[in-house]
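Remember, predicted model here, so these are calculated numbers, not experimental data. By convention in this document, chain letters (A, B, ...) are assigned in the order of the sequence lines, proteins followed by strands, and residues within each chain are numbered from 1.
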Amino acid sequence: MTQTDNLTKESILTIGKGVPRLRFAPSPTGFLHIGAFRTALFSWLYARHTSGQFILRIEDTDTARTVEGAVDDFINGLTWLGMDVDEGPIVGGPYGPYYQVQRKALYQQYASQLITSGHAYRCYCTPERLDAMRKAQEAQKLPPRYDRHCRYLSDEEHAANEAAGLPWIVRFAMPLEGETVVPDKLHGDMVFKNTDLDDMVILKSNGLAPYHLAHLVDDHLMGITHVLRGEEWIPSAPRHVQLHKALGWELPLYYHVPNVLGKDKKKLSKRRNAPSWSEYQEQGFLPEAVFNFLALLGWSYDDKTELFSREELIRAFTIDRIGISSGIYDADKLLWMNGVYIRQLPLDELVRRTLPYMERPEAEGGLPNSISRPLDVEYTTRVLRLEHERLKTLGEAAHVVSFFFEDEISYDTALLIQKGMDASRTRNALVYTRDLLTYIQDWDHTIIEPLMRELVATLGLKAGQLFGTVRTAISGRTATPPLFEMMEVLGRDVTMKRIEQAIIYVS
RNA sequence: GCCUCGUUCGUCUAGCGGUUUAGGACAUCGCCCUUUCAAGGCGGAGAUCACGGGUUCGAAUCCCGUACGAGGUACCA
């Protein structure tokens, strides 16, 4: 297809029929991983970029594998990521229903139309026969393919099978020679030999259509202009082209998007190497960070820009800059990006969004059950201000900040003794610190710091030796926010109490 | 087995025939800042552009093979 042809086709679709219409059509066989949302995101971004429409359709024709609650999971995931749906379940729309099980009659109608036009036929082959056939083919090292047994049945034989009440399905009569060209906007034309294509099933015994017919009928009827789907569909795309031809329908614009791979270099799979999107939510990833990260998975704007707000992404997104080679998703980079987004959050917003994570039960990553301080907004704000630029996820806040809320802290008392110090010098330093702190009028880090620095000099220690000891004494940690601000937030009473305790520990 | 798609630093990528001593980011290493941890700043290392042939004055960029990887090969999507 030449560039001119593309432009022409695109013009017809976008100007002739209105705006671009794209869909996300998951099948409710389980939760969704972020790879699935990545492809949906591209469709969504393009729809928003062009003021087009984004449609959610549920491909539930595999009734046996349908999982309860899956559709809610999709909708929750889309909502979390901020991908609003113009048409679909719940919101409805003029091209519904948006569940394929409810569109059964449509598929049957087109299947029988194809039989009438000679493009399809009824097949009475039993699963046992198909199985035996496939086994025989494999034994002979032949590609397993339907042998077209029923395609060549005479009218009399069809009538006899009918009269006998044999169950049947419908198969598509694939052209027996020639080639099928799949025009793909990302890959260019892909050519397939028709002899490699078999007579696939287009109507199952449960009366529903498999993906091949169902998605295509729906896309056509719903006016879908751009089909973005995973590259695993490339091998069956020629079937879809032939089906379009037989139905006399114009092809949508195809974009076969590369798959997202796991660390094992395998396609992300819910049952093998990919967590549900909701685990990212539970760990405290910000949806805007995941959104940004996902957009960069197989798409790029230029050679340096990586941080995009939602609006910037909508403005910058162009479909032709989607890459064609699949890539492993880099969990480290997501973590980094989440940190960037957390740091960009205004403090009150950070608190508002972190509180629910801290309020979770201890077992789910919340604050310890033993906390003695209430989780009020004022105090939590003062605490989180100190951890703001240190957080990588919202979920880790509770752990990192727990000592601000606990009454008793426990730690390895050996950590009190700094490099070049011993127990008695440490004890001495703590005693001096306690005495100094007792006389401080304004409990403010700007007051505490210079006095503590004087004490360092008085005791002939290095700053790190004194401060390290006090840090451990009041937090039980070796890595904390700046010491004096921490003391200020903790308050005089708690600080003094913990230092007293530490004096006992080192004795 | 057969069919198809893909292949630039460890990872994500820029590059669409000359501006490239192949640019950026994450990770990593070093230095600076510094009371620890982060954050930030500066810098380093890291890619014979999978390999082999062509085409061309000139190729990471175009063509053909090979290798490797992935995907598909169902009354699953």
Side-chain angles (χ1 to χ4, degrees), chain A residues 25-29 59-62 64-65 123 125 127 130-131 134 137-138 140-146 167-171 182 184 187 190-193 195-198 200-212 214-215 229-238 256 258-259 261 263 265-267 293 296-307 321 323-337 339-340 343 387-392 400 418 449 452-453 456 462-472 475 477-484 486:
Chain A
S27 90
T29 52
E59 309 225 317
D60 52 358
T61 58
D62 187 356
R65 289 204 305 154
C123 173
C125 293
L130 294 175
D131 200 45
R134 243 174 249 128
Q137 287 166 335
E138 261 169 62
Q140 291 176 68
K141 301 232 182 237
L142 289 168
R145 213 121 60 192
Y146 179 57
W168 50 269
I169 57 166
V170 180
R171 283 181 185 275
V182 176
D184 181 291
H187 294 266
M190 296 183 285
V191 184
F192 296 77
K193 283 197 281 293
T195 46
D196 289 329
L197 273 23
D198 70 348
M200 78 277 192
V201 176
I202 56 171
L203 202 68
K204 303 190 276 190
S205 52
N206 68 358
L208 280 159
Y211 176 83
H212 302 297
H215 92 279
R229 60 180 7 172
E231 65 183 349
E232 70 270 22
W233 292 108
I234 290 176
S236 47
H256 288 96
N259 283 133
L261 273 29
K263 272 258 182 285
K265 299 200 177 195
K266 297 266 196 287
K267 186 179 110 172
F293 178 77
L296 256 23
L297 222 53
W299 177 85
S300 63
Y301 177 69
D302 59 16
D303 60 340
K304 41 183 69 89
T305 320
E306 300 200 292
L307 265 13
R321 287 196 61 88
I324 53 170
S325 58
S326 41
I328 301 164
Y329 97 100
D330 185 353
D332 281 340
K333 191 155 183 174
L334 205 210
L335 202 58
W336 164 77
M337 194 173 276
V340 171
R343 273 171 253 132
E387 285 293 350
H388 199 162
E389 69 178 21
R390 272 159 262 266
L391 288 176
K392 289 267 197 296
V400 127
Q418 302 298 302
E449 176 163 359
M452 286 289 286
R453 287 194 186 281
V456 168
K462 288 182 188 156
Q465 291 177 314
L466 206 220
F467 299 165
T469 297
V470 178
R471 163 173 297 106
T472 301
S475 69
R477 318 273 176 108
T478 52
T480 71
L483 180 63
F484 310 108
M486 196 163 70

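- Put simply, A:Ser27 has no side-chain N or O that comes within less than 4.0 Å of OP1 or OP2 on B:rC76.
- When rounded to the nearest whole Å, the span between CZ of A:Arg229 and C1' of B:rG72 equals 13 Å.
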Could I get a table of every N or O pair under 3.5 Å where one atom is in the protein and the other is in nucleotides 60-71 of chain B?
unit_1	atom_1	unit_2	atom_2	d
B:rA70	OP1	A:Lys266	NZ	2.7
B:rG71	OP1	A:Lys267	N	3.3

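- A:His187 has a side-chain polar atom (N or O) that falls below the 4.0 Å cut-off from OP1 or OP2 of B:rG6.
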**Report entry** Worked verdict on A:Val400 versus A:Arg390 for side chain to side chain contact (heavy atoms under 4.5 Å, CB included)
**Finding:** CA-CA 9 Å; A:Val400 127; A:Arg390 272 159 262 266; over 6 Å; no
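- The phosphate of B:rG15 (OP1 or OP2) has a side-chain N or O of A:Arg321 nearer than 4.0 angstrom.
- An OP1 or OP2 oxygen of B:rC75 is reached within less than 4.0 angstrom by a side-chain nitrogen or oxygen of A:Arg134.
- As rounded to whole Å, 13 Å separates atom P of B:rC75 from atom CZ of A:Arg65.
- The pairing partner recorded for B:rU66 is B:rA50, the criterion being a Watson-Crick or G-U wobble arrangement whose two distances lie under 3.5 angstrom.
- For A:Arg471, the side-chain atoms get nearest to B:rU36 when compared with the rest of B:rC5, B:rC75, B:rU36.
- Across the protein-nucleic acid pair, A:Asp62 atom CG and B:rC76 atom C1' stand 5 Å apart, rounded to whole Å.
- Here the shortest heavy-atom pairing between A:Arg145 and A:Thr195 reads NH2-O, 3.6 Å.
- Under a cut-off of 6.0 angstrom, the local environment of NZ in A:Lys462 is sparse, with at most 12 non-hydrogen atoms contributed by other residues, nucleotides or ligands.
- Here A:Arg477 does not reach the OP1 or OP2 of B:rU36: none of its side-chain N or O atoms lies under 4.0 Å away.
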**Report entry** A:Glu306 vs A:Lys333, side chain to side chain contact (heavy atoms under 4.5 Å, CB included): CA-CA, chis, key distance, verdict
**Finding:** CA-CA 11 Å; A:Glu306 300 200 292; A:Lys333 191 155 183 174; 2.8 Å; yes
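- B:rA25 is paired with B:rU11 under the criterion used here, namely a Watson-Crick or G-U wobble arrangement in which both key atom distances are under 3.5 Å.
- Residue A:Arg171 places at least one side-chain N or O under 4.0 Å from the OP1 or OP2 atom of B:rC75.
- The side chain of A:Arg343 places an N or O atom within less than 4.0 Å of a non-bridging phosphate oxygen (OP1 or OP2) of B:rG40.
- B:rC76 atom C1' lies 15 Å from atom CE of A:Met200, rounded to whole Å.
- For B:rU13, the OP1/OP2 oxygens have no side-chain nitrogen or oxygen of A:Ser300 closer than 4.0 Å.
- Minimum heavy-atom separation, A:Asp198 to A:Tyr146: OD2-N, 3.7 Å.
- The distance from the CG atom of A:Leu297 to the CD1 atom of A:Ile328 is 10.5 Å, given to the nearest 0.5 Å.
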With 3.5 Å as the limit, what N/O pairs link the protein to nucleotides 21-27 of chain B?
unit_1	atom_1	unit_2	atom_2	d
B:rG23	N2	A:Asp303	O	3.2
B:rA25	O4'	A:Glu306	OE1	3.1
B:rA25	O2'	A:Glu306	OE1	2.4
B:rA25	O2'	A:Lys333	NZ	3.1
B:rA25	N3	A:Lys333	NZ	3.2
B:rC26	O2'	A:Lys333	N	3.4

